[in-house]
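Have a look at the structure below before the remarks.
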There are 2 protein chains.
Amino acid sequence: MPRPPSTPEVQRTSAARDRILEAAFALFYARGIRAVGVDLIIAESGVAKATFYKHFPAKDDLVVAYLDKVDGVWTGQLRAAAEAAGPDPAGQLVGLFDALGTACRREGYRGCAFINAAAESQPGTAVHDRTVAHKAAVMAWMSGLAEQAGAHDPGSLARSLALLLDGGLASGALDASPDAPEAAKDSARILVGSTVRPRGRRTALRS
Amino acid sequence: MPRPPSTPEVQRTSAARDRILEAAFALFYARGIRAVGVDLIIAESGVAKATFYKHFPAKDDLVVAYLDKVDGVWTGQLRAAAEAAGPDPAGQLVGLFDALGTACRREGYRGCAFINAAAESQPGTAVHDRTVAHKAAVMAWMSGLAEQAGAHDPGSLARSLALLLDGGLASGALDASPDAPEAAKDSARILVGSTVRPRGRRTALRS
DNA sequence: GTCGAGGTAGACAGACCTGTCTACCTGAGG
DNA sequence: CCTCAGGTAGACAGGTCTGTCTACCTCGAC
């Protein structure tokens, strides 16, 4: 092992790699994964083919990197929307649905990148697994919030809210009507209210 | 117009056509639309290539026929589940979620065929339009039920239940855990109950 | 100044995909 | 008997896709 510690086999980060990933991010989301060939990504990112295959030995590796990027972005937006709703966990569970409204309103919105990717992949593949992992992570986060909010059955509440969120993500891409996110938020409020018992101020339960 | 009335240009129904559609139904759903070539469908249905292209001049025509078939099947299951819940419209709105549970439990379940198809198609195409039309039809039906049930805002209730349904359809394909359909049904009960006012028997409102 | 990592440019192989076309078969109605 | 709709079998054209490979460039570290 004479390799110095700062020379990984393939650089994990570089300008070329970033450009590839950025082009893939836009193209995969807008047109679907199978519909976008590597040649198009190469042309769009202004990179040589050899460079592409040095960073991503197979197209699937790029797809996984794309999903990881989406995960980072979407998780961030969800957390930001929740925090913007204030310190109350129950309110955060409702407020996170503002991220859905913002996403649906965005030009070129085409649904949940993960669900779309899963629709194009087979169970057991790396791509499919990323989707499952992402959804599980989001639900775990909501479950924690539900517990802090003093929900009767935090896992069940989180599951229900996840259904609402996924449903909004999916149907927001179909009819452009903005009342889907709104309905999702209203429903979330009802669902949260039904297990958290709004009167009673359970927030400071533990102290 | 010398054409006798019983000789359409291309027969709308025939054994060969049915076999093609049946093979397409299974393959498109299991593997995705783009992932299945016409050659595979031809081989699987035991039909000649010329016959295939006589019935479906382009692959997209077959895709549309596939979606129409899915629409018939799924709509039927939804209505059957609703009717099995009894004559009460509010109960039917909850009971239709049993169709979701049944679907998710089925071997090889891979989510909503329409959402999956939309993920692989562009807005404005015939395939995408079918998806939008299907979702609108389901929601219109639920909206009618909600009105009969005396919901305060039937359209809004139908929208919320549609979110739950689509969310269940989407996530049922990801984690195989059977509690997604259950959570959807429980949430539906709460949502229906919150606008229909369970005590008060609003069912016979209009007579 | 030399060496090597990272990049560019593009030809190429081999697979697969849609859609067309020719040639032949079969069976029922007139 | 003969015709013709509907079907079979499969070659073929033209395009696209992934992934490999050769040849050359550039710039910073040693």
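Numbers restart at 1 for each chain; the letters A, B, ... are given by sequence-line order, proteins then strands.
For A:Val47, whose side chain is taken as the heavy atoms from C-beta onward, the closest listed nucleotide among C:dG7, C:dT8, D:dG7 is C:dT8. With distances taken from any side-chain atom of B:Thr51 to the nucleotides C:dG7, D:dG7, C:dT18, the minimum falls on D:dG7.
Side-chain contact between B:Trp141 and B:Arg79 is present, with at least one heavy-atom pair separated by less than 4.5 Å. Contact check for B:Trp74 versus B:Gln77: side-chain heavy atoms found under the 4.5 Å cut-off. Taking the side chain as every heavy atom from C-beta outward, B:Ile115 and A:Ile115 approach each other to under 4.5 Å. You'll find the side chain of A:Phe97 stays beyond 4.5 Å of the side chain of A:Glu182, heavy atoms only.
Distance A:Phe56 CZ to C:dG6 P: 14 Å, rounded to the nearest Å. For the pair B:Leu27 CG and C:dC17 P, the computed distance is 12 Å after rounding to whole Å. Rounded to a whole Å, the NE2 atom of A:His55 is 13 Å from the C1' atom of C:dT8. Rounded to a whole Å, the NZ atom of A:Lys54 is 17 Å from the P atom of D:dG19. Rounded to whole Å, the distance from CZ on A:Phe52 to C1' on D:dT18 is 9 Å. Going from atom CG of A:Leu62 over to atom C1' of D:dT18 covers 13 Å, rounded to whole Å. The CD1 atom of B:Ile42 sits 12 Å away from the P atom of D:dA9 (whole-angstrom rounding). Distance CG (A:Asp60) to P (D:dC17): 16 Å, rounded to an integer number of Å.
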Atom pairs, N/O to N/O, protein against nucleotides 20-29 of chain C, distance under 3.5 Å?
none

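Taking only side-chain nitrogens and oxygens, A:Ser14 never comes nearer than 4.0 Å to OP1 or OP2 of C:dG6. Proximity of B:Arg19 to the phosphate of D:dG7: no side-chain N or O atom is located under 4.0 Å from OP1 or OP2.
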Show me the donor-acceptor pairs within less than 3.5 Å that the side chains of residues 154-169 of chain A make with the rest of the protein, sequence neighbours left out.
{"residue": "A:Arg159", "atom": "NH1", "partner": "B:Asp175", "partner atom": "OD2", "Å": "3.2"}
{"residue": "A:Arg159", "atom": "NH2", "partner": "B:Asp175", "partner atom": "OD2", "Å": "3.3"}
{"residue": "A:Arg159", "atom": "NH2", "partner": "B:Ser177", "partner atom": "OG", "Å": "2.9"}
{"residue": "A:Arg159", "atom": "NH2", "partner": "B:Asp179", "partner atom": "OD1", "Å": "3.0"}
{"residue": "A:Ser160", "atom": "OG", "partner": "A:Ser156", "partner atom": "O", "Å": "3.2"}
{"residue": "A:Ser160", "atom": "OG", "partner": "B:Ser187", "partner atom": "OG", "Å": "2.7"}
{"residue": "A:Asp166", "atom": "OD1", "partner": "A:Lys135", "partner atom": "NZ", "Å": "2.9"}

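B:Pro181 approaches B:Gly101 most closely through the heavy-atom pair CB-CA, 3.6 Å.
Between A:Arg130 and A:Asp71 there is no salt bridge, since no side-chain N of the basic residue sits under 4.0 Å from a carboxylate O of the acidic one.
Within residues 34-41 of chain B, the residues that have a heavy atom under 4.0 Å from DNA chain C are, in order of number, B:Val36, B:Gly37, B:Val38, B:Asp39.
Without hydrogens or angle criteria, B:Lys185 side chain to B:Ala180 main chain gives no donor-acceptor distance under 3.5 Å.
Note on ring orientation: taking the six-membered ring where Trp is involved, the planes of B:Tyr109 and B:Tyr29 are tilted (angle from 30° to 60°).
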